[in-house]
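A short write-up of the structure that comes next.
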Amino acid sequence: MPELPEVETTRRGVGPLLEGRQISAVKVRNPRLRQPVLASLPQRLDGLRLRAVERRAKYLLFRFDVGSLIVHLGMSGSLRIVKPGTAFKKHDHVEITFDSTLCLRLHDPRRFGLMVWTEEPLAEHRLLRHLGPEPWDEQFTGAYLRKGSHRRTAAVKNFIMDSSIVVGVGNIYASESLHRAGVHPNRAAGRISQRRYGAIVVAVREVLEEALEAGGTTLRDFVHSDGEPGYFRFKLKVYGRTGQRCSCEHGIIRQQVIGQRSSFYCPKCQH
DNA sequence: CCCGATTCCTGTAGGC
DNA sequence: TGCCTACAGGAATCGG
């Protein structure tokens, strides 16, 4: 389940290998993703030179001189780089070959991902224009969250997972961040002090940074590794640990559905 | 505007 | 062993 650290790890893995290279072939094996892959994508991309691989929220942005390819990995997507002629695996949906020597493959069993071509300025694209700040943006502060949560009655966990508020906080890291900040996930967003929102900001950044660091450990093997992605080395403190003792030593971790998603918290150290 | 519910999809796990 | 069901979740969309 790619969350922001996984997407950023992917960007750092594929970017240096592909930037500056020219597309020599594109094959769409299955266009049925969250949005259909443009039928004319092969013609559209042919001969283009990749200038940069960037990231905005959980979107990867492959930038060319004339436009950009927006890629989202959904919840089961991954990108891999293989040599031409490597056997396709089930659910390898799109292959983009660079310089006839490296193939970028989009693999996505559940097909919640997407691959969209645009020539619009990216900031104005409908997929990107409503997104809130990145977690490391200086705009993302306790004061900002306090202001944005004014009169909001929804659970704080849903609030921080709202991508128009802040991007990159998925279900797993939302539980982890709130645990670290000592805030109960079901507390109404509008009933949390600025000071406590400040703690949430710090916690979100720390959790994402640590997960990113863990992902980075397998970066050098990115191309050939078939093992577990590095971010699984990130130690989850509450997610998936129902019934286990919290690291605070006082509480037993509980699971509760909030906003149709499983949420995990310690009743002793989160309020 | 706000918020909850629903939808897309398939691999995996658990019950029988 | 095999069948069935529940569950996982990002984000768009819809309805109240």
Side-chain angles (χ1 to χ4, degrees), chain A residues 1-11 29-37 55-61 70-79 88-94 106-116 118 122 124-135 145-178 185-192 204 207-208 211 226 228-229 231-232 234 236 238-243 253-264:
Chain A
M1 308 153 212
E3 299 215 35
L4 188 137
E6 293 85 316
V7 177
E8 177 62 18
T9 297
T10 299
R11 186 190 74 78
R29 303 178 75 234
N30 181 359
R32 297 184 313 124
L33 301 183
R34 190 170 99 218
Q35 288 177 209
V37 178
R55 180 190 59 74
R56 174 74 174 106
K58 294 176 188 169
Y59 294 94
L60 286 166
L61 311 170
I70 303 175
V71 176
H72 197 290
L73 299 175
M75 54 172 295
S76 61
S78 62
L79 292 176
F88 283 101
K89 291 201 266 191
K90 194 178 180 185
H91 307 303
D92 281 345
H93 303 313
V94 182
L106 173 64
H107 178 88
D108 186 4
R110 295 185 198 174
R111 294 192 276 116
F112 276 22
L114 61 80
M115 183 175 274
V116 172
T118 182
L122 285 172
E124 293 169 26
H125 193 276
R126 70 180 175 81
L127 290 171
L128 307 176
R129 67 185 167 206
H130 300 298
L131 295 174
E134 295 283 326
L145 287 180
R146 174 66 188 150
K147 190 154 179 284
S149 62
H150 184 61
R151 298 171 73 92
R152 288 179 76 143
T153 55
V156 63
K157 174 162 176 278
N158 294 338
F159 178 64
I160 64 169
M161 286 176 68
D162 181 340
S163 63
S164 69
I165 300 300
V166 61
V167 302
V169 183
N171 196 45
I172 296 172
Y173 296 134
S175 279
E176 292 298 315
S177 300
L178 290 173
N186 211 18
R187 175 173 286 273
R191 304 205 49 169
I192 292 175
V204 164
V207 165
L208 293 176
D226 278 320
E228 272 201 341
Y231 39 80
F232 282 128
F234 177 76
L236 300 171
V238 287
Y239 187 87
R241 304 180 79 96
T242 312
I253 293 162
R254 289 188 190 165
Q255 178 172 3
Q256 184 186 355
V257 174
I258 302 173
Q260 290 75 243
R261 294 285 178 257
S262 277
S263 311
F264 301 85

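Since the structure is predicted, the reported quantities are computational estimates derived from the model, not experimental observations.
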### Query
Using a cut-off of 4.0 Å on non-hydrogen atoms, how would the nucleic acid contact of F159(A) be classed: base, sugar-phosphate, or nothing?
nothing

### Message
Nearest to the side chain of H72(A), heavy atoms from C-beta on, is which of dA8(C), dA11(C), dG4(B)?
### Response
dA11(C)

### Task
Report the distance from atom CZ of R151(A) to atom C1' of dC1(B), rounded to the nearest whole Å.
11 Å

### Task
Using a cut-off of strictly less than 4.0 Å, decide whether H91(A) has a side-chain nitrogen or oxygen near OP1 or OP2 of dC9(B).
no

### Task
Give a yes or no on whether a donor-acceptor pair under 3.5 Å exists between the nucleobase atoms of dA8(C), that is its base, and the side chain of R261(A).
no

### Task
Could you state the atom-to-atom distance from CE of M161(A) to C1' of dA8(C) in whole Å?
12 Å

### Query
5'-most contact on DNA chain C: G168(A) or R110(A), nearest heavy atom basis?
R110(A)

### Message
So, does R34(A) get its side chain near the phosphate of dC9(B), meaning an N or O under 4.0 Å from OP1 or OP2?
### Response
no

### Nearest-nucleotide pick for Q260(A), side chain only, options being dG11(B), dG4(B), dA5(B)
dA5(B)

### Contact summary for V169(A) and I160(A), nearest pair of heavy atoms
CB-O, 3.4 Å

### Message
I want to check one thing: is the phosphate of dA8(C), taken as OP1 and OP2, less than 4.0 Å away from some side-chain N or O of Q255(A)?
### Response
yes

### Task
With R29(A) as the cation and F88(A) as the aromatic partner, state whether NZ or CZ is under 6.0 Å from the six-membered ring centre and within 45° of the axis.
yes

### Message
Whether the side chain of N30(A) engages the backbone of H91(A) through a donor-acceptor N/O pair (distance < 3.5 Å, no angle test) should be reported.
### Response
no

### Query
For Q35(A) and L127(A), which heavy atoms make the closest approach, and how far apart are they?
OE1-CD2, 4.2 Å

### Message
Students often get this wrong, so: under 4.0 angstrom with heavy atoms, is T153(A) touching a base, only sugar-phosphate, or nothing?
### Response
sugar-phosphate

### Task
Using atom CD1 of I165(A) as one end and atom P of dG10(C) as the other, report the distance to the nearest whole Å.
17 Å

### Task
Name the residue closer to the 5' end of DNA chain B, choosing between K90(A) and H150(A) according to the nucleotide with the nearest heavy atom.
H150(A)

### Length of the CZ-P vector between R56(A) and dA11(C), whole Å
11 Å

### Query
F112(A) on top of dG10(C)'s base, within under 5.5 Å and under 30°?
yes

### Message
Can you see if the side chain of S76(A) gets near the phosphate of dC9(B) - specifically, an N or O under 4.0 Å from OP1 or OP2?
### Response
no

### Message
Expressed as a whole number of angstroms, how long is the span from K58(A):NZ to dA12(C):C1'?
### Response
14 Å

### Message
Which residue is it: Q256(A), Q255(A), E176(A), R254(A)? I am looking for the one with a side chain to side chain contact (heavy atoms under 4.5 Å, CB included) to F264(A).
### Response
Q255(A)

### Gap between atoms CG and P, on D108(A) and dC9(B) respectively (whole Å)
12 Å

### Task
Would you please confirm or rule out a distance under 4.0 Å between OP1 or OP2 of dA8(C) and any side-chain N or O of S262(A)?
yes

